[in-house]
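Values reported hereafter were calculated over all heavy atoms of this structure, with side chains retained and with hydrogens, waters and symmetry mates removed. Both counts, for ligands and for their atoms, begin at 1 and track the order of listing.
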Amino acid sequence: MGPLFLVVLSYFFHHQLEVLALATSSDYDFSYMKSVYNATDLPLKEEYDYIIVGGGTGGCPLAATLSANYSVLVLERGSAPPSYPQLVLTTDGVLGVLLQEDDGKTPAQRFTSEDGVAIVRGRVLGGSSMINGGFYSRADDQFYNESGIHWDMDAVEEAYQWVEDTIVFQPNLLVWPSIVREALLEAGVDPDNGFSLQHLVGTKTSGSIFDNEGKRHGAVELLNKGKLKNLKVAIEAYAERIIFSSKASDVSASGVVYRDSKGRAHEALIRDKGEVILSAGAIGSPQLLLLSGVGPSPHLSSHKVPVVSENPDVGNFMADNPRNNINIVVPFALGPSVGQVVGITRDFNYIEPVSSVTSFSFPQPFGFYPNGTGPLELSVATIEEKFSGPLSSGSLRLVSSADVKVGPTVRFNYFKDPKDLARCVKGMRLVGDMLKTDAMERLKFQDLKGAEGFKFLEPSLPRNLSDDASMEAFCRSTVTTMWHYHGGCLVGKVVDGDLRVVGTNSLRVVDGSIFNASPGTNPQATLMMIGRYIGLRMLQEREAAK
Ligand SMILES: Cc1cc2nc3c(=O)[nH]c(=O)nc-3n(C[C@H](O)[C@H](O)[C@H](O)COP(=O)(O)OP(=O)(O)OC[C@H]3O[C@@H](n4cnc5c(N)ncnc54)[C@H](O)[C@@H]3O)c2cc1C
Ligand SMILES: *[C@@H]1O[C@H](CO)[C@@H](O)[C@H](O)[C@H]1NC(C)=O
Ligand SMILES: *[C@@H]1O[C@H](CO)[C@@H](O)[C@H](O)[C@H]1NC(C)=O
Ligand SMILES: *[C@@H]1O[C@H](CO)[C@@H](O)[C@H](O)[C@H]1NC(C)=O
Ligand SMILES: *[C@@H]1O[C@H](CO)[C@@H](O)[C@H](O)[C@H]1NC(C)=O
Ligand SMILES: *[C@@H]1O[C@H](CO)[C@@H](O)[C@H](O)[C@H]1NC(C)=O
């Protein structure tokens, strides 16, 4: 639990000086555990200035910021990271946490979209930042222009740095990311932007919330930057609904009902001038608004939820950036790697490498290894493709209004908009071009006759990259999730430019549900920045109103 040292690194890009102050300490900082309480140990009724539902990627920096001057309660349905050190605190756990069976308490909750895609979401203090790939890259300029939030760019910069000096590291490049870096540049994804946290067209190495010892420093460690004596974090605290008080036509949030693991209901109430903030994620926040009677009346009525505030777009515009990838079996030991490098094209296709070591039991799927008896360890190199946006979207609807643990249904309608399909084709053509580069030569196997080629784990790209129909079929048949799903509480529809829920008072949403497009190549940097940014703005507004 040592101190964090700052180092200032200067890089020149496009004649600009980028000053980075990144984290350097590789020690976990568990100070936040002093503020963590089992919900069963909390009173059945208590008051706070602010109540934040969801101790996730956006919720933790927000809680830390508000705690500087006010009492804050965070309600998190999951447990704390020290309960699963191997799974959520190390690079070695990245694959395991995704594959672990969901017993209702494990840190990755599984769900399947109505499109048939298997997805996960975080259920642990620190949220999805504790189960993700760790890649950290800031938002694109278009995001600031089109997010519907009024940005003070100096404050944005400060908020990013507040995050970065604590939990963001410059990674030592591993073998596979460095090969992909070369392949991207050879395939024309230029310029080479070196190491940068900025969203820049070209090829770059970006930051990571994993340090170079493989330790994860998720959003949970941002709690340490708050005033811990003002902060109470309840774990295994399932928020069930927002409590509203109505005076005349005014609908105001006044608290939250949550249930502990013994099944007891608690009421947390807010003091005068306090607020309730939903940071339960793109699935959790729209679900909670609906359960609380904020949403489209026909849907609420069909579930016998009394309508508190009609809001037709709660749960609408749910989007998930399609991911398509190719997986190559590598003729040498490669070792696992998580996000370090990204190629950003002029059309905002994003190409990212990951690698893993997979065990196969015989009979092997390939037939070019000598016969053996035990499981076979294979290095698998993956090139992932996604693109900004997307334009296609669907909706989220309640399944149960009685039990918050029964998740909603969600449909993303991947590739419903033909422009999305065309962008996938473009991105996968680029991946095809990367396979033709010198950098990729060393991944080829030689067969008995001396002919060289890649060994793909199915599916491989169509042979004819110019053929639209087969490329489109590839995109559709191999689509999966990059886990950047967002929407459901869009700015301009469900919340205003200050992220307040329209038609209500004392209620905001601060998480990925507010996005009409996923920011940057990967969203967590922006989510953490927004938690800090909105928190500071709330403190300033309150000071100004005094
Ligand atoms: C497997 C995976 C890999 C990813 N890889 C990357 C990556 O490398 N880089 C990147 O930038 N992004 C990545 N992402 C995406 C990124 O992690 C998420 O977009 C981001 O963390 C979402 O933040 P959020 O604040 O919206 O929600 P979350 O961080 O998910 O937080 C929501 C919190 O609310 C809690 N909650 C929900 N409902 C309730 C309730 N009723 N009561 C109490 N608590 C509740 C949840 O338990 C959770 O802790 C990945 C995501 C996943 C799942
Ligand atoms: C919280 O307390 C309950 C009841 O004692 C217990 O069953 C549960 O395991 C505790 N949770 C944690 C995370 O310690
Ligand atoms: C963002 O808006 C500014 C000001 O209107 C404009 O100059 C800039 O080109 C826009 N950037 C993008 C990426 O849309
Ligand atoms: C390898 O396995 C195949 C199929 O089981 C078998 O026919 C063959 O004889 C085996 N070869 C060796 C060298 O063991
Ligand atoms: C590849 O597809 C294009 C477009 O369908 C077609 O014109 C071309 O002949 C195909 N090339 C080969 C080698 O089949
Ligand atoms: C916190 O409170 C102190 C004392 O009331 C005040 O001086 C200060 O400006 C406040 N800070 C913020 C960020 O609200």
Ligand 1 versus [X], non-hydrogen atoms closer than 4.0 Å: side chain, backbone, both, neither?
| X | result |
| --- | --- |
| S279 | backbone |
| Q287 | neither |
| S137 | neither |

Quiz prompt | atom 4 (C) of ligand 3: any protein heavy atom closer than 4.0 Å | solution =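 Given the 4.0 Å cut-off, atom 4 (C) of ligand 3 does not count as touching protein heavy atoms.
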Quiz prompt | atom 7 (O) of ligand 5 protein-contacted, heavy-atom criterion under 4.0 angstrom | solution = no
Are [X] and [Y] ion-paired here, with the side-chain N under 4.0 Å from a carboxylate O?
| X | Y | result |
| --- | --- | --- |
| E164 | R138 | yes |
| K215 | D211 | no |
| D152 | R537 | no |
| R429 | D468 | yes |
| D498 | R508 | no |
| K232 | E46 | yes |

N/O of [X] under 3.5 Å from N/O of ligand 1, yes or no?
| X | answer |
| --- | --- |
| G284 | no |
| R77 | yes |
| G126 | no |
| G58 | yes |
| Q524 | yes |
| A525 | no |
| L527 | no |
| V404 | no |
| S513 | no |
| V120 | no |

Report, in ascending order of atom number, the atoms of ligand 1 lying under 4.0 Å from any heavy atom of [X].
| X | answer |
| --- | --- |
| R123 | 47 (O) |
| A237 | 42 (N), 43 (C) |
| L75 | 43 (C), 44 (N) |
| S129 | 21 (O) |
| N522 | 7 (C), 9 (N), 10 (C), 11 (O) |
| L98 | 1 (C) |

Quiz item: Which residues pass the ring pair (Phe, Tyr, Trp, His ring centres under 6.0 Å) test with F169, sequence neighbours left out?
Solution: H217
Are any of the heavy atoms in [X] under 4.0 Å away from ligand 1?
| X | answer |
| --- | --- |
| I119 | no |
| G339 | no |
| P523 | yes |

How far is [atom] from the closest protein heavy atom, and which atom is that?
| atom | answer |
| --- | --- |
| atom 29 (O) of ligand 1 | T57 OG1, 2.6 Å |
| atom 4 (C) of ligand 1 | N132 CB, 3.1 Å |
| atom 27 (O) of ligand 1 | G281 CA, 3.5 Å |
| atom 49 (O) of ligand 1 | E76 OE1, 2.6 Å |
| atom 40 (C) of ligand 1 | A239 N, 3.8 Å |
| atom 12 (C) of ligand 3 | N145 ND2, 3.4 Å |
| atom 14 (O) of ligand 5 | N464 ND2, 3.3 Å |
| atom 13 (C) of ligand 3 | Q142 N, 3.6 Å |
| atom 1 (C) of ligand 1 | W483 CD2, 3.4 Å |

Do the side-chain N and O atoms of [X] and [Y] include a donor-acceptor pair separated by under 3.5 angstrom?
| X | Y | answer |
| --- | --- | --- |
| H199 | D141 | no |
| D347 | T345 | no |
| R323 | N321 | no |
| T106 | R123 | yes |
| E146 | N516 | no |
| D511 | S279 | no |
| D92 | T90 | no |
| Q109 | R77 | yes |
| N522 | S137 | no |

Quiz prompt | Backbone N/O of A64 and side chain of S67: donor-acceptor pair under 3.5 Å | solution =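 Side chain of S67 to backbone of A64: a pair is present.
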Exercise. Please confirm whether R476 makes a cation-pi placement over Y414, using NZ or CZ under 6.0 Å from the six-membered ring centre and within 45° of the ring normal.
Key: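 Geometry flag: not set, cation outside 6.0 Å or 45°.
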Tell me the nearest of [options] to [atom], using heavy-atom distances.
| atom | options | answer |
| --- | --- | --- |
| atom 7 (C) of ligand 1 | F135, F515, Y258 | F135 |
| atom 30 (O) of ligand 1 | G56, S128, G54, C60 | S128 |
| atom 38 (N) of ligand 1 | G127, G512, G133, A280 | A280 |

Exercise. Start with the C-alpha distance between Y350 and H484, add both sets of side-chain angles, then the distance that settles ring-ring contact (aromatic ring centres under 6.0 Å, His included), and finish with yes or no.
Key: CA-CA 13 Å; Y350 306 139; H484 298 169; 9.1 Å; no
Practice problem: Verify side-chain contact (heavy atoms from CB on, under 4.5 Å) between L95 and S356, making sure each step is shown before the conclusion. | Solution: CA-CA 8 Å; L95 210 55; S356 61; 4.3 Å; yes
Quiz prompt | S466 N/O to ligand 5 N/O under 3.5 Å | solution =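 There is no such contact.
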Practice problem: Check the pair Y533, Y160 against ring-ring contact (aromatic ring centres under 6.0 Å, His included), reporting the backbone distance first and the verdict last. | Solution: CA-CA 9 Å; Y533 180 90; Y160 276 125; 9.6 Å; no
